[in-house]
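Structure record follows, encoded as structure tokens.
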Amino acid sequence: MTTAPAPYRRTAEDVVREFGGDASDGLASDEAARRLERDGPNTLPAARGRGPVVRFLLQFNSPLIYVLLVSAAVTGLLGEHVDALVILGVVVVNAVVGFVQESRAEKALGALAAMARTAALVVRDGAARRVPSAELVRGDLVRLEAGDKVPADLRLLRADEFAVDESALTGESVPVAKDTAAQGEAALADRTGMAFSGTLATAGSAAGLVVATGAGTELGGIHRLVEGTGAVQTPLTRKITHFSKIVTVAILALAALTFLIGVLRGRGATEMLTAAVALAVGAIPEGLPAVVTITLALGVSRMVRRGAIVRHLPAVETLGSTTVICTDKTGTLTQNQMTVTAVSAGGRDYTVTGAGYAPDGTIRQDGREIDPAGHPALRETLRAASAATTRSCTGGTAGRSPGTRPKGPC
């Protein structure tokens, strides 16, 4: 059985027939619902997260913690209940602090994932409507304009001066011009007849047929590779693990030597066993895990105030010692949406609320919301900015890329 060529290697008409779509009216709503039930939502698979019990138990996964737990058990058996409780208290506090911090980081990452959800303009039953991108199915007809985020892998059926920023997927910083022609074998970055999930339309307009959703997209392939990578220890965790092993071996060797010398000198075995255990317990740095954890937690709280989320406590030491970060994956590190946050006009400063391309937000001066109509310089600045963008409300062409159209009405 031969495999059908990739969609970019086939004509748009062939792809429409294969996926049972319609190049003008799109899918019927009931058919879209059946396909959604069959294929699942257009979302990347959720990471296999650990439950709260497992995350809490992993806080004890350290050689030094193992030694402290054994010491607490032995100390308790010898009747030193106060010392045993103190050691256990240090271990539990260390675990609780680490667990709480990781839980906060998980919630923050969940909130960021929710912010990244988008809507798509899809044609169904012959009418265009906006639906959550998670509801897209293969065969859906999607329309795109400049500023839209591509919601799934699309085989383009129409492209009007259409260009896409694929930096989040390929690393290519220059927008790629798209067309509808079929191609021969080509690398991902050269497939001009396709628009890929997670990329950003920068100019023109287009319509495309959804050929892959969720984990089946090119972005989903990258997601699988990332999920398959193992955990990497930070320099701090490697140093602490190495130090813990050295301390553990040294303490055990010293305790064994003490027991052996005492027995050879005629002391009772029970007496020397008690002495050796007491020596081991006294030599163990019980406060080290608590000091390290609390110090890292303070570092994490400072990073949070600066807008950085630290998922695992030890990572804050590495991040805090970093002086230069070189990256070209700006579309991955951010939402790939430029947003105006401040305006200076006529000698006055204004702040702008809102995020991304959503038409929500206010303009404020000195903390108070204002009406731009009462500020002539600000009004003219906004009018000039509107005329210079592909989302202009004026209908003019000044400042627009050739072939692009205003996205209105506003």
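Below, each value reflects all heavy atoms present in this structure, side chains not excepted, and no hydrogens, waters or symmetry copies.
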Arg379 (side chain) donor-acceptor with Ala373 (main chain) under 3.5 angstrom: yes
Donor-acceptor contact present, side-chain Thr217 to main-chain Thr213, <3.5 Å: no
From CA spacing to verdict: salt bridge (Lys or Arg N to Asp or Glu O under 4.0 Å), Glu37, Arg34: CA-CA 5 Å; Glu37 179 69 22; Arg34 282 194 294 269; over 6 Å; no
Heavy-atom donor-acceptor pair, Asp25 side chain to Asp22 backbone, under 3.5 Å: no
Under 3.5 Å donor-acceptor, Arg124 side chain and Arg129 backbone: no
Lys178/Glu166 salt bridge by N-O under 4.0 Å criterion: yes
Thr362 backbone acceptor or donor facing Thr353 side chain under 3.5 Å: yes
Salt bridge (Lys or Arg N to Asp or Glu O under 4.0 Å) between Arg35 and Glu31, intermediate numbers included: CA-CA 6 Å; Arg35 296 188 183 191; Glu31 175 62 20; 2.7 Å; yes
Thr199 (side chain) donor-acceptor with Val164 (main chain) under 3.5 angstrom: no
Non-hydrogen side-chain atoms of Arg191 and Arg155 separated by less than 4.5 Å: no
Side-chain donor/acceptor of Asp125 to backbone N/O of Ser29, under 3.5 Å: yes
Any side-chain donor near an acceptor of the partner, Ser197 and Asp153, under 3.5 Å: no
4.5 Å side-chain heavy-atom contact, Val211 and Leu154: no
Donor + acceptor pair across side chains of Asp349, Ser344 (<3.5 Å): yes
